[in-house]
Amino acid sequence: MTGIAIVGLGHWGPNLAGGFGVDPRARVRRLVDVDAARLARVAARVPGARTTTRLEDALEDPEVDAVVVATPTSTHRAIAGAALLAGKHVLVEKPMAASVRECEELCALAGRAGRILMVGHVFLFNAAVRRAKAYVDEGALGRVYYLSMVRTNLGPVRADVNAAWDLASHDLSIAMHLLGAGPVSVSATGGSWLNPGIEDAVFATARFRGDVLAHLHASWLHPRKAREVVVVGERRMLTFDDMNLTEPLRLYDKGVAPGGAGEGVVDSFASFRSSIREGDIVIPRVATGEPLREECRCFLDAIERGEAPLSDGRFGLEVVRALEAISRSVAGGGREEPVLR
Ligand SMILES: NC(=O)c1ccc[n+]([C@@H]2O[C@H](COP(=O)([O-])OP(=O)(O)OC[C@H]3O[C@@H](n4cnc5c(N)ncnc54)[C@H](O)[C@@H]3O)[C@@H](O)[C@H]2O)c1
């Protein structure tokens, strides 16, 4: 039985308490938040868990084996670091921390302590993303040309990170998972209207090895809630609409074959028409499992087996490398910035 402490019980923390609460291998033993009123509200839904406003109470508790960090990003390094130093396994929410340096420090601490460090990139545990990854890996799309990703809504507005760190961190994780590596460079622009210096909307283009592009539109200042991913490949194209709960994924047997007109190039409307392929659209059945439960299960598996989880500290660090490059590019007026490794 793995004893869990959840730190941070705002919007997301209670969902994590629920995710571990349904797994017979785990018991949520401690709930920690600096806000006593929040603690009291959530405690009623987590039977058997003791509440505290002091992190130390959870870190000193021998019945707590693992600490789940769902506080604002700016606090991740301090809380996750203290938990690792106390010998606890850590699941820290995305983005992993506020800088590459902080992420590297957490990876080093976990390595030295011999403890599991996982980052809550929940889309890696989403059944539609898993199916999309299988399509990409088995070559159903052919060579991937580009991805287009939109994540917008009105709120929630963050005070410690911008819309890219908060929202595009999901899309970067999906793109990196599908492509098997992080981007080599990014260019991005963004605007801050609500809070000085914190971009409410970011438009970024990430360049991956092999001429693959990903365009990311992240905004919490937008009238429409959208969570859309398009993957355009040489042979097929794929869409993932996370707002569509029953049929999130579509595989389009569409494409343009260069050389369809016999010349190896598409240089006129006639050759374009002759080379276009409009086949079937497949809507695969995707299990409607709960990704967050899968994420919690993966964390418990990693602890039991002593194996790195899918979204381990290294993966979270790669996401933050790309986010830092996006921030540098925004500050530099959209200049293309290398993702430093
Ligand atoms: N994976 C996802 O889909 C997803 C969704 C939402 C949020 N998140 C992530 O979860 C984290 C929290 O987001 P949220 O929306 O729940 O934020 P929130 O502001 O709603 O809640 C944060 C909570 O942490 C508490 N807190 C702040 N500092 C603390 C400290 N030092 N010690 C203990 N408690 C502290 C606050 O009182 C608050 O209750 C962020 O990293 C965010 O990016 C992930």
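Ligands are counted one by one from 1 in listed order, and the atoms in each one are counted from 1 as well.
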### Query
Which pairs pass salt bridge (charged side-chain N to carboxylate O under 4.0 Å, His left out) with one or both residues in residues 198-218, sequence neighbours excluded?
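Non-adjacent pairs meeting salt bridge (charged side-chain N to carboxylate O under 4.0 Å, His left out): R207-E336.
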Tell me, which protein residue and heavy-atom name are nearest [atom], and how many Å apart are they?
atom: atom 14 (P) of ligand 1; answer: R158 NH1, 3.5 Å
atom: atom 38 (C) of ligand 1; answer: R38 NH1, 2.8 Å
atom: atom 10 (O) of ligand 1; answer: E93 CG, 3.3 Å
atom: atom 36 (C) of ligand 1; answer: D33 OD1, 3.4 Å

Indicate yes or no: does [X] engage [Y] in a salt bridge with an N to O separation below 4.0 Å.
X: D160; Y: R158; result: no
X: E337; Y: R335; result: yes
X: D33; Y: R38; result: no

### Query
Just going by heavy-atom distances, which of G8, S74, G13, G10 is nearest to atom 21 (O) of ligand 1?
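Among G8, S74, G13, G10, the closest heavy atom to atom 21 (O) of ligand 1 comes from G10.
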#### Entry: contact_flag N15 ligand 1 heavy-atom lt 4.0 Å
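Flag not set, N15 not near ligand 1.
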#### Entry: Contact check, V122 vs ligand 1, heavy-atom distance below 4.0 Å
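Yes, that is the case, since the closest heavy atom of the residue is under 4.0 Å from the ligand.
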### Task
Determine the sole option in R341, R321, R77 for which the salt bridge (Lys or Arg N to Asp or Glu O under 4.0 Å) test with E104 is passed.
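Passing option: R321.
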